[in-house]
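Report on the structure given below.
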Amino acid sequence: MRLLSPRQPVIVLVLALLCSTSAFAQGILVHSGPGQIRLPRPIPQPQPVPGSYKIEAIEVDANLTDQVAKVQVSQTFVNTGSRQMEAYFVFPLPYDGAIDSLTLLVDGKEFAAKLLPAEEARKMYEEIVRKNQDPALLEWLGTGVFKTSVFPLPPGAKRTVTLRYTQLCRKSAGLTDFLFPLATARYPPEPLDKLRIRVAVSASAPIKNIYSPSHAVNIERPSQEQAVVSIETKNEIPSADFRLFYDTGKESVAASVVSYRPNNHDDGYFLLLASPDIKVAKEKPQPKTVVFVVDRSGSMSGEKMEQARGALKFVLNNLRDGDLFNVIAYDSEISSFKPELQKFNDETRKAALGFVEGLYAGGSTDIHGALQRGLGMLQDSSRPNYVIFLTDGLPTAGVTGEPAIVEASEKANNVRARIFAFGVGYDVNSRLLDKLARSNFGQSEYVRPDEDIEASVSRLYNRVGTPVLTDVEVAFDVEGASSETPSVNRMYPKAPFDLFAGDQTVIVGRFHNPGKAKVKLSGAVAGREQAFDFPAELVASSEDDTNSFVAKLWATRRVGELIDEIDLKGRNEELIKELVDLATKHGILTQYTSFLADENANPHAVAENLSRASGESLALEEAEGRFGFRQRAAKGLYQSAP
């Protein structure tokens, strides 16, 4: 790090704004007063230095109408140094020059902005780079620069700069692509106190898929043609640009495909987004069968039992006419609400709620017997069947062997019922629950001791409560591809799976043959077999890294699948090698590839890292306790990475 001369200090202030996949637009403050100023870097400083600053908040509000984005960005920063800063503000244009209007306000007062010619802008940037010896600054040069004198900023003073612009967003493969660069906000030495982004989307046709590959977003849908996407974080240094895709259509099930192929000699990567029509799903819900199998052993006493009752009540109150259901409670003995499945109506709902109120904890844990009772009630494979299985302990009564319980559940499941297993607390056999879920087409979820069982179960049931398209299969028909070699492979999640109302499936995989393709989604809609076709383009090569996130997403899920294979089927050196190779290539950190986070390790020391990963994978033999619990919970996050 180098201190600049008194005449040439520069502060880089992140204000990354655009709707393009290929441009960076950064705001910078240039200090014109005396004193030395360091270029911000994430290196702790014991004392404030003259001219230092802190970005306190970045707030983004955008209205995205079809492809046109109107964006306002407010950035608040504080002079944390001991000297006044005399500054002016410069804002480079994006490479594509798509901004058609720009207004700069400081604390509500408007300032005129001067557009510098491209040659003068480049000269200024090259001077900054030369003085700071930081070639990364060159990436921030656009075709021109807006410049305005801003203000003197006294020590401790706070200012807010607001920028407004309008831009046309790109559209590819039917998806409108909104990008707001944030990654460079990691340069300031302190985390942002607040980062807030809100994008209101309006379209002329019903909005189908909404997807962010970069952030976990909250999505609200006021109507079919409107959506509000938002995130808010505190005390965090942004590490990735914010990116948002959406598409439109009138189909009952809509899909879009994004492909990426960085190497012509290797298989490419694809991302398929699929979502059912919400209105259709609500008008014609498919009848389903739900069996709740709940642990009432002695360890469930107290608050756990209260929460389990709440979860049962939530499911019972959200069933629909035409659904079948039952409740099975188990300890060393097994009891059920009724001997057979019940048709849901107001009378059976009230009676079942009374049964739930009478549950109390005590006794041992007969997991095998409870699952056999529940699965044995399911006889109709023409409708979706779900078993919500909850336990907080180990099998201690009846059949207790892990392989025997799993094998028996597979034999008893004659209707392809999905088992959703909830492990409550650290005393469960997490490997057993994973095996049960995987062998029975479902998923496992882990509830920490300080979490609410009712909240976890209700969150899952809200997602799966209204199946729209069940037993979904995905097929790609690529023009000119040989019928002997599959066009796509290693898709995650693996088919068959279900699509639910208000839900969206994110499918990733590899493709061998590029070209125009027809994607076919087939499954059962309200009990009737149907198929939906969508056009797609699998690129022969990718000229840039715009869609490189698809490869990272696929690799993350593949890593989760490899860990699952090693966990449930035993250690395999070939799988461990693939795990290490993928993690190293794509920078995916797991507890088994922790060498990636070790600054003293060499990521390219293949033999050493392979040996290290092989040794650390022995931890998967621990099926119980806090560590076993956390391993399976982490594995699930890789497998379902969004």
Side-chain angles (χ1 to χ4, degrees), residues 216 290-318 327-331 356 359-367 370-371 374 386-396 402 405-406 409 418-440 442-465 500 503 560 563-564 567-568 591 620 622-642:
V290 179
V291 175
F292 204 119
V293 182
V294 59
D295 189 343
R296 63 173 182 191
S297 61
S299 57
M300 285 287 293
S301 61
E303 187 178 1
K304 285 184 184 179
M305 200 68 237
E306 286 297 324
Q307 291 179 0
R309 288 194 196 99
L312 281 162
K313 292 175 185 177
F314 178 88
V315 174
L316 290 170
N317 286 323
N318 283 275
V327 180
I328 295 169
Y330 69 95
D331 46 40
V356 170
L359 295 178
Y360 59 88
S364 302
T365 309
D366 187 357
I367 289 177
L371 284 173
Y386 303 111
V387 176
I388 301 177
F389 172 63
L390 186 150
T391 182
D392 80 329
L394 308 173
T396 56
E402 192 178 296
I405 294 174
V406 174
S409 71
R418 280 77 164 156
I419 292 183
F420 295 102
F422 286 84
V424 181
Y426 298 135
D427 295 329
V428 297
N429 183 326
S430 53
R431 186 172 59 213
L432 169 61
L433 297 188
D434 274 13
K435 285 184 176 181
L436 283 169
R438 176 165 178 151
S439 301
N440 293 279
Q443 67 185 55
S444 50
E445 187 168 329
Y446 295 95
V447 185
R448 294 191 302 270
D450 58 344
E451 288 185 303
D452 190 334
I453 300 170
E454 180 182 352
S456 297
V457 173
S458 59
R459 184 169 56 246
L460 170 81
Y461 188 79
N462 275 331
R463 191 176 71 83
V464 305
F500 304 97
D503 200 6
I563 296 173
D564 193 48
D567 182 21
L568 304 187
Q591 63 192 70
L620 286 167
E622 190 169 335
E624 305 163 13
R626 184 185 298 245
F627 190 59
F629 177 103
R630 288 179 172 174
Q631 286 191 102
R632 273 83 199 182
K635 177 182 67 177
L637 293 176
Y638 289 113
Q639 289 177 291
S640 60

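Scope of the values below: all heavy atoms of this structure, side chains included, with no hydrogens, waters or symmetry mates.
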Quick one: are Val293 and Val291 in side-chain contact, heavy atoms under 4.5 Å? yes
With a 3.5 Å distance limit and no angle check, can you tell me whether Thr396 reaches the backbone of Thr365 through a side-chain donor-acceptor pair? yes
Are side-chain heavy atoms of Thr391 and Leu433 found at a separation under 4.5 Å? yes
Kindly write out the residues that satisfy side-chain contact (heavy atoms from CB on, under 4.5 Å) with Tyr360, not counting sequence neighbours, or none if the list is empty. none
Quick one: CG on Leu394 to CG on Leu432, what's the gap to the nearest 0.5 Å? 9.0 Å
So, for Ile453 and Gln307, which heavy atoms are closest and what is the spacing to 0.1 Å? N-OE1, 2.9 Å
Should we count CZ of Arg448 as having more than 12 external heavy atoms under 6.0 Å? no
Under the side-chain contact (heavy atoms from CB on, under 4.5 Å) test, residues paired with Ser299 that sit two or more places apart: Ser297, Asp392
Sequence neighbours excluded, which residues qualify as side chain to side chain donor-acceptor pair (under 3.5 Å) partners of Asp434? Ser444, Tyr446, Lys635
Residue list, salt bridge (Lys or Arg N to Asp or Glu O under 4.0 Å) with Glu454, at least two apart or on another chain: none
Applying salt bridge (Lys or Arg N to Asp or Glu O under 4.0 Å), name anything that partners Arg309, two or more places apart in sequence or on another chain. Glu306
Residues in ring pair (Phe, Tyr, Trp, His ring centres under 6.0 Å) contact with Tyr426, at least two apart in sequence or another chain: Phe629
For the residue pair Asp366 and Tyr330, what are the closest heavy atoms and their distance? O-CD1, 3.6 Å
Side chain to side chain donor-acceptor pair (under 3.5 Å) partners of Ser409, counting only residues at least two apart: Asn440
Could you measure the distance from the CZ atom of Phe420 to the OH atom of Tyr461? Nearest 0.5 Å is fine. 11.0 Å
How close do Val428 and Gly423 get, heavy atom to heavy atom, and via which atoms? CG1-CA, 4.0 Å
Do Asp567 side-chain atoms and Ile563 backbone N/O form a donor-acceptor pair below 3.5 Å? no
Give a yes or no on this: more than 12 heavy atoms of other residues, nucleotides or ligands lie within 6.0 Å of atom CD of Glu303. no
Straight-line distance of Ile367 CD1 to Asp295 CG, nearest 0.5 Å: 7.0 Å
Under the side-chain contact (heavy atoms from CB on, under 4.5 Å) test, which residues partner Ala329, sequence neighbours left out? Val294, Arg296, Ser335, Leu359
Apply side chain to side chain donor-acceptor pair (under 3.5 Å) to Asn429 and list each qualifying residue two or more places apart in sequence or on a separate chain. Glu402
Does Arg418 have any side chain to side chain donor-acceptor pair (under 3.5 Å) partners at least two apart in sequence or in another chain, and if so, which? Asp471, Asp498
Answer yes or no: is there a donor N or O on one side and an acceptor on the other, between the side chain of Asn462 and the main chain of Ser458, under 3.5 Å? yes
Arg459: which residues meet the salt bridge (Lys or Arg N to Asp or Glu O under 4.0 Å) condition with it, sequence neighbours left out? Glu445
Identify, with sequence neighbours excluded, every residue that meets ring pair (Phe, Tyr, Trp, His ring centres under 6.0 Å) alongside Phe422. none
Would you name the heavy atoms of Lys435 and Val406 that are closest together and state the gap between them? CB-CG2, 3.7 Å
